[in-house]
Asks: 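I'd like to ask some things about the structure below.
Every chain is numbered from 1, with letters handed out A, B, ... down the list of sequences.
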Amino acid sequence: QKEVEQNSGPLSVPEGAIASLNCTYSDRGSQSFFWYRQYSGKSPELIMSIYSNGDKEDGRFTAQLNKASQYVSLLIRDSQPSDSATYLCAVNTDKLIFGTGTRLQVFP
Amino acid sequence: EAQVTQNPRYLITVTGKKLTVTCSQNMNHEYMSWYRQDPGLGLRQIYYSMNVEVTDKGDVPEGYKVSRKEKRNFPLILESPSPNQTSLYFCASKRTGPGHYGYTFGSGTRLTVV
């Protein structure tokens with residue numbers, strides 16, 4: 001079992017819709033969780049971090065954490081074509097482990 | 001501007017010719033790390049450093065060396081590059097200590113070994 005799992009996608013959503021990206025992890029001792037956005041050929045950019053169970057909102061982004069079920073998700077409201085990118089989930093145990101990413105496509 | 005600077009951005013080299021990829025950060029971060037990113041495999045950690053003169057292997061250290069003589073610099077050395085080291089490389093840094101901190105990544109180095 002991979003330590004951090006994400007569906008590779010692509011996840012295709014129309015402009016203005018909500019995009020929902022999911023991530024599961026295997027280490028129950030994980031303490032902090034991050035979402036990175038990566039445009040093709042570019043470096044990952046930190047967009048959200050979450051440490052406690054529940055929701056954390058920042059603009060159009062909401063991160064959700066459920067430690068009992070070992071999943072973390074990212075919701076993007078009012079999706080824009082500029083949101084089209086690969087989204088990487090990263091989980092901090094004794095080191096930061098990345099999932100392989102979900103490719104999001106937002107079409108006009 | 002707070003940033004991690006990697007050089008070069010692109011590099012084509014031949015098998016066996018030693019090369020160094022430089023990484024420098026201006027945020028006074030203690031922790032620095034090197035990753036390689038390959039299609040379908042995601043980001044894999046090569047080496048990391050908790051502080052000056054402290055380095056340790058990540059998940060895929062074979063064929064690589066690093067050094068941390070100064071806090072700001074963390075070069076990646078390929079003593080005898082091979083084609084299977086063709087990849088996209090990222091340097092990253094973060095704060096340590098109480099709290100939770102994410103990485104700041106450099107802009108990447110695309111290496112091709114022929």
Side-chain angles (χ1 to χ4, degrees), chain A residues 1-10 21-27 29-54 56 58 61 63 65 67 72 74 85-103, chain B residues 1-10 21 23 25 27 29-50 54-61 87-112:
Chain A
Q1 181 189 5
K2 289 184 180 178
E3 294 177 89
V4 179
E5 292 209 52
Q6 296 180 256
N7 188 316
S8 61
L21 303 158
N22 300 311
C23 171
T24 59
Y25 59 95
S26 59
D27 188 338
S30 301
Q31 294 294 316
S32 49
F33 308 85
F34 304 89
W35 283 99
Y36 287 82
R37 177 176 62 200
Q38 186 176 25
Y39 294 110
S40 181
K42 302 296 185 182
S43 60
E45 173 193 9
L46 180 65
I47 54 172
M48 287 291 287
S49 57
I50 188 166
Y51 322 117
S52 305
N53 278 327
K56 179 182 178 182
D58 184 0
F61 299 103
L65 175 60
K67 289 186 178 180
V72 57
L74 179 69
T86 296
Y87 290 80
L88 305 175
C89 172
V91 175
N92 200 18
T93 55
D94 57 347
K95 62 179 180 180
L96 198 60
I97 300 172
F98 287 84
T100 53
T102 298
R103 189 157 64 95
Chain B
E1 180 189 353
Q3 60 185 358
V4 177
T5 303
Q6 280 180 244
N7 280 298
R9 289 291 310 277
Y10 301 93
V21 184
C23 174
Q25 51 94 4
M27 296 166 282
H29 287 169
E30 295 84 7
Y31 189 102
M32 297 185 74
S33 183
W34 276 102
Y35 286 85
R36 60 177 290 174
Q37 188 174 38
D38 302 288
L41 298 177
L43 284 161
R44 294 181 292 168
Q45 191 177 49
I46 303 170
Y47 268 94
Y48 65 94
S49 170
M50 299 288 287
V54 181
T55 63
D56 212 342
K57 296 178 180 179
D59 299 315
V60 288
S87 187
L88 179 58
Y89 291 85
F90 290 106
C91 181
S93 72
K94 71 182 182 80
R95 286 180 60 185
T96 56
H100 306 275
Y101 305 102
Y103 281 125
T104 300
F105 282 87
S107 51
T109 297
R110 187 168 292 280
L111 172 66
T112 302

Asks: Could you look at A:Gln31 and say if it's the side chain, the backbone, both or neither that has a heavy atom under 4.5 Å from chain B?
Replies: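 Both backbone and side chain.
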
Asks: Would you please indicate yes or no on a ring centroid separation below 6.0 angstrom for A:Phe98 and B:Tyr35?
Replies: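 Centroid separation for B:Tyr35 and A:Phe98: below 6.0 Å.
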
Asks: Mind listing the closest non-hydrogen atom pair of A:Ser43 and B:Gly106 along with its distance?
Replies: CB-O, 2.9 Å

Asks: As an exercise, state the distance from CG of B:Leu43 to CD of A:Gln38, rounded to the nearest 0.5 Å.
Replies: 6.5 Å

Asks: Any side-chain to backbone donor/acceptor pair from A:Tyr36 onto B:Tyr103? Under 3.5 Å, distance only.
Replies: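 Indeed, once roles are kept as given, a pair shorter than 3.5 Å links the two residues.
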
Asks: Please indicate whether B:Met27 has more than 12 foreign heavy atoms, meaning atoms of other residues, nucleotides or ligands, lying under 6.0 Å from its CE.
Replies: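 Enclosed.
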
Asks: To the nearest 0.5 Å, tell me how far B:Asp59 CG sits from A:Ile97 CD1.
Replies: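 Going from CG on B:Asp59 over to CD1 on A:Ile97, the span is 7.5 Å.
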
Asks: Under 4.5 Å, counting heavy-atom pairs only, tell me which of B:Gln6, B:Lys94, B:Arg44, B:Gln37 racks up the most with chain A.
Replies: B:Gln37

Asks: Under the ring pair (Phe, Tyr, Trp, His ring centres under 6.0 Å) test, which residues partner B:Tyr89, sequence neighbours left out?
Replies: B:Tyr64

Asks: Measuring from B:Phe105:CZ to A:Leu46:CG, what's the distance to the nearest 0.5 Å?
Replies: 9.0 Å

Asks: Please state whether the side chain, the backbone, both or neither of A:Leu96 comes within less than 4.5 Å of a heavy atom of chain B.
Replies: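 A:Leu96 touches chain B through backbone and side-chain heavy atoms alike.
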
